[in-house]
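Read the numbers this way: they start at 1 and go in the same order the structure lists the ligands and their atoms.
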Amino acid sequence: MANENSQAPIPREVPCGGLRIGDVAPDFAARSTTGEIRLSEFRGRWLILFSHPADFTPVCTTEFVALAQSANEFEKRDCALMALSVDSLFSHFAWLRLIRDRYDVEVRFPIVEDPTLVIGRAYGMVAPQDNDSATVRTTFFIDPQGVIRALTCYPANVGRSTPEMLRMLDALQAVDDGPVLAPANWRPGEALLSQPDASLETVFSAKGQTDWFMKETRGGSKK
Ligand code: BEZ
């Protein structure tokens with residue numbers, strides 16, 4: 001399908017299907033580049049679980065180089081990374097070796113193999129009746145209790161932004177103690193917003209026009 005104003009075909013891909021913010025992330029056990037792992041073993045830490053379409057592809061390679069280069073930033077935030085694709089464990093190994101040799105960076109976070117797509121389907125990373133088994137670029141931000149707190153879905157032809165992933169994680173952690181809100185473009189150290197008080201008294205007694213619903217606060221942040 002093509003947009004009438006654009007030259008490039010618009011890829012028809014899955015929505016971030018199946019799971020929603022607030023759902024418990026489905027548990028699974030699988031082989032990975034760091035050994036046998038179980039998702040529930042990551043409880044107690046934040047976890048970013050993300051899928052990529054395929055090993056040995058250009059955009060995915062740039063994502064893995066960027067994430068591996070920022071691994072200490074995720075570590076500082078007590079957040080583990082876990083990647084997943086349909087490719088075999090030995091494909092993952094060969095790709096990581098190539099990334100190490102070519103880009104001088106070692107990907108040390110686990111990459112899960114999902115040859116039967118049982119995990120990809122549970123997470124809505126692939127369309128239910130799609131002939132193409134590639135997982136799209138879904139990213140699940142999972143809190144220390146194992147609950148999905150945010151999810152994003154990028155098409156195969158656009159790579160994710162590591163700074164935005166870190167910003168999302170910072171914002172989720174900052175509002176975690178509640179009841180505070182992270183405004184647009186919020187960065188650690190900047191003011192958060194208070195949860196508006198839903199009472200007519202507050203609305204009519206507020207001095208400024210927006211004071212009853214727009215109030216900055218420094219509270220709630222762990223940072
Ligand atoms: C890539 O990572 O470059 C890619 C993966 C699948 C389809 C298109 C591009």
Side-chain angles (χ1 to χ4, degrees), residues 1-19 25 28 30-34 37 39 47-71 73-74 79-142 148 150-169:
M1 187 169 83
N3 176 336
E4 62 187 45
N5 299 316
S6 75
Q7 301 299 312
I10 299 172
R12 303 268 303 158
E13 288 168 351
V14 286
C16 275
L19 295 170
F28 60 82
R31 291 203 306 176
S32 84
T33 50
T34 60
I37 52 176
L39 187 97
L47 171 67
I48 297 179
L49 169 67
F50 64 100
S51 58
H52 65 283
D55 297 349
F56 296 100
T57 51
V59 177
C60 297
T61 301
T62 61
E63 287 187 327
F64 276 68
V65 170
L67 284 165
Q69 286 170 337
S70 294
E73 290 299 321
F74 290 96
C79 179
L81 295 170
M82 187 190 298
L84 177 146
S85 82
V86 68
D87 303 277
S88 74
L89 183 60
F90 287 90
S91 167
H92 292 336
F93 282 144
W95 188 38
L96 296 195
R97 172 64 198 245
L98 177 107
I99 288 175
R100 203 278 310 266
D101 293 352
R102 171 65 181 81
Y103 298 98
D104 199 23
V105 57
E106 293 187 356
V107 175
R108 290 291 182 170
F109 55 81
I111 309 182
V112 168
E113 69 165 0
D114 187 25
T116 59
L117 281 173
V118 65
I119 306 166
R121 290 200 201 290
Y123 277 81
M125 294 163 167
V126 278
Q129 67 282 63
D130 204 339
N131 295 331
D132 183 357
S133 61
T135 42
V136 286
R137 297 183 204 284
T138 55
T139 308
F140 294 86
F141 296 79
I142 301 170
I148 296 168
L151 58 163
T152 66
C153 190
Y154 279 46
N157 54 4
V158 177
R160 284 161 282 209
S161 158
T162 304
E164 176 50 21
M165 288 165 78
L166 287 166
R167 194 200 81 94
M168 172 73 88
L169 184 59

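Taking the side chain as every heavy atom from C-beta outward, R160 and H52 approach each other to under 4.5 Å.
Formation of a donor-acceptor pair under 3.5 Å by the R137 side chain with backbone atoms of P155 is found in this model. At least one donor-acceptor pair under 3.5 Å links the side chain of T33 to the backbone N or O of I111. Without hydrogens or angle criteria, S70 side chain to E73 main chain gives no donor-acceptor distance under 3.5 Å. A donor-acceptor contact shorter than 3.5 Å is absent between the side chain of D55 and the backbone of W95. Looking only at distances, no side-chain donor or acceptor of D87 sits under 3.5 Å from a matching main-chain atom of H92.
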Below 3.5 Å only, please: the N or O atoms of ligand 1 paired with protein N or O atoms, distance on each line.
residue	atom	partner	partner atom	Å
ligand 1	2 (O)	T57	OG1	2.9
ligand 1	2 (O)	V59	N	3.2
ligand 1	2 (O)	C60	N	2.8
ligand 1	2 (O)	R137	NH2	3.0
ligand 1	3 (O)	P58	N	3.2
ligand 1	3 (O)	V59	N	2.6

